[in-house]
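Structure first, then comments.
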Protein chains: 2
Amino acid sequence: MKQIAESTVRRLSLYLRFLEDYRRQGLETISSGDLASLGGMTSAQVRKDLSFFGSFGTRGLGYSVNALAHRIREILGLEREWQVIIVGAGKIGAALAQYRAFGERGFRIVGIYDVDPARIGVSLDGTIVKDQRELDADLQSVKPDIVLIAVPAEAAQPLLERVTKAGIRGVLNFAPTPLHAPSGVTLRSVDMALELELLSYTLTSAMA
Amino acid sequence: MKQIAESTVRRLSLYLRFLEDYRRQGLETISSGDLASLGGMTSAQVRKDLSFFGSFGTRGLGYSVNALAHRIREILGLEREWQVIIVGAGKIGAALAQYRAFGERGFRIVGIYDVDPARIGVSLDGTIVKDQRELDADLQSVKPDIVLIAVPAEAAQPLLERVTKAGIRGVLNFAPTPLHAPSGVTLRSVDMALELELLSYTLTSAMA
DNA sequence: GGGTGCTTGTGAATGTTTTCACAACTTATT
DNA sequence: AATAAGTTGTGAAAACATTCACAAGCACCC
């Protein structure tokens, strides 16, 4: 299949949330215009996004809320469960461990690791923090799908190399530093400081 | 000035980090090629990004590390201090309160608020969590520049309306829900669940 | 069963971002 | 002073993403 733009996939995730809202409200159909006004985009954009994956709607009527939600979940790979481990049990790691939105989407936290003896053994939302020396063995035995990096910036790149050598293919990095992953590994970064800088830029430009 | 693409500004933030690394290493000049290989982009991209804001380099030599870093800090609005408050003192709010990377960039946390009596009065990284009923008064007196939203999803939109009515122009939202801001307000969202879904999509497509 | 109103799906047009490619300029060298 | 090596800045081209605009299709009603 042709390469789909990240912006399209990002919107697909939003559509899914709106569909789930609609379902909770007991509504059975939704139009591209409804989705667009919820998400602040145009209806043409919604239809074009969906058209990359097929034709799911009914002309004159719109989309079946259930059918479209199911199809988007399939596209995004959310019909399965993903095994996730967190490395770093500081404040950010702890926040991730108890983050409800992950579990609701099928991301199951199966392990948390740290190097600090003061953190090892502590329970974070029901999961005991393990010694990071057990990480390699656990990567072999548990074979998680995704690793969340929540360690200090300087420890992030070595950790990335360690987990990719162990066969991990998906990494979400929360350390505020750009990382380089080998090809075949999908790396995304959530950089909160950078987001704040973007805000700073926009506020500064708006004032000038 | 012409509208600058968000992707360009995002890269500018990255360049600034690389420049700071270079400065720490005592290097005085850097080429677009150096910046590009650090950030995984092309040298033409780097030069084009910078060209939107002027000509800062010397042909044959490259860019002065100090001068370029200073200029990017100016562009991003990082030469001043920003007063930031956090609403929501749960795990995410607490993680944000102690996040070192904010302070290093001139974002100063001047208040944290929550509605939960169990959290009010607690010190988070030196700042005492205040009762959210004091928020409106403090917005008037402290006049912070930026609000970080770290409340549950269902409380996020009402809170956004409350702070924008009080004159807040910049908001960074961490609740996993799309928000709608009035025009004139800059809203950005960090949606960790959505990032994981993007990862899920890429991993799923790569397998197929 | 035909008409009306609404909504999709999609080529074409437009707008935006990235990449290319090279003249122009700087420094270093002989 | 002339040459060589290196790097910027930038128009033009290419690639990519969004918006337009409308034929096609479906549901509902009379």
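Chain naming here is simple, since letters A, B, ... match the order of the sequence lines and numbering starts at 1 in each.
Note: OH (Y63(A)) to C1' (dC6(C)) measures 13 Å, nearest angstrom. Distance, D49(B) CG to dT18(C) C1': 10 Å, rounded to whole Å. Computed from coordinates, the R10(B) CZ to dT16(C) C1' distance equals 17 Å when rounded to whole Å. Distance CD (Q45(A)) to P (dG15(C)): 16 Å, rounded to an integer number of Å. In this structure, L68(A) places its CG atom 14 Å from C1' of dG9(C), rounding to the nearest Å. Between K48(B) atom NZ and dT17(C) atom C1' there is a gap of 10 Å when expressed in whole angstrom units.
Of all nucleotides in DNA chain D, those with any atom nearer than 4.0 Å to a heavy atom of chain B start and finish, going 5' to 3', at dG6(D) to dA12(D).
Between S32(A) and dT8(C) there is a side-chain polar atom (N or O) within less than 4.0 angstrom of OP1 or OP2.
Partners of Y22(B) by ring pair (Phe, Tyr, Trp, His ring centres under 6.0 Å), not counting sequence neighbours: none found. Remark: F18(B) engages no residue in a ring pair (Phe, Tyr, Trp, His ring centres under 6.0 Å) (not counting sequence neighbours). With sequence neighbours excluded, the residues satisfying salt bridge (charged side-chain N to carboxylate O under 4.0 Å, His left out) with R71(A) are E74(A). Under the salt bridge (charged side-chain N to carboxylate O under 4.0 Å, His left out) criterion, D145(A) pairs with R80(A), sequence neighbours left out. Not counting sequence neighbours, the partners of R108(B) by the salt bridge (charged side-chain N to carboxylate O under 4.0 Å, His left out) test are E81(B). Looking at residues two or more places apart in sequence or on another chain, you find no salt bridge (charged side-chain N to carboxylate O under 4.0 Å, His left out) involving K48(A).
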Output a table of donor-acceptor pairs, distance under 3.5 Å, between side-chain atoms of residues 174-187 of chain A and any protein atom two or more places apart or on a different chain; print 'none' if there are none.
residue, atom, partner, partner atom, Å
H180(A), NE2, L38(B), O, 2.8

Side-chain polar contacts of residues 189-200 of chain A - donor-acceptor pairs under 3.5 angstrom, sequence neighbours left out - could you list them?
residue, atom, partner, partner atom, Å
S189(A), OG, N173(A), ND2, 3.1
D191(A), OD1, A193(A), N, 3.3
D191(A), OD1, L194(A), N, 3.0
D191(A), OD1, R17(B), NH2, 3.2
D191(A), OD2, R17(B), NH1, 2.4
D191(A), OD2, R17(B), NH2, 3.3
E195(A), OE1, R188(B), NE, 3.0
E195(A), OE1, R188(B), NH2, 2.9
E195(A), OE2, R10(B), NH1, 3.3
E195(A), OE2, R10(B), NH2, 3.3
E197(A), OE1, S13(B), OG, 2.9
E197(A), OE2, R105(B), NE, 2.8
S200(A), OG, L76(B), O, 2.5
S200(A), OG, G77(B), O, 3.2
S200(A), OG, W82(B), NE1, 3.2

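With 3.5 Å as the limit, one finds no donor-acceptor pair spanning the side chains of R47(A) and S51(A). Using modelled atom types and a 3.5 Å distance limit, the side chains of Y15(B) and D49(B) yield a donor-acceptor pair. Using modelled atom types, one finds no donor on one side chain facing an acceptor on the other under 3.5 Å when comparing Y99(A) with D125(A).
Within the 4.0 angstrom heavy-atom criterion, no nucleotide atom of any strand lies near S43(B).
D34(B) places a side-chain N or O within donor-acceptor distance of the main-chain N or O of S31(B), the cut-off being under 3.5 Å. No donor-acceptor pair closer than 3.5 Å links the side chain of Q45(B) to the backbone N or O of T42(B).
No side-chain heavy atom of R119(B) sits less than 4.5 Å from a side-chain heavy atom of K130(B).
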*At under 4.0 Å between heavy atoms, which parts of nucleotides 22-30 of chain C does protein reach? Answer with one letter per nucleotide, 5' to 3': B base, S sugar-phosphate only, - none.*
-BBBB----
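Near DNA chain C, defined here as any heavy-atom distance below 4.0 Å, there are no residues from residues 183-191 of chain B. A heavy atom closer than 4.0 Å to some atom of DNA chain D occurs in no member of residues 14-24 of chain B.
Ranked by how close their nearest DNA chain D nucleotide is to the 5' end, A5(A) and L50(B) are led by L50(B).
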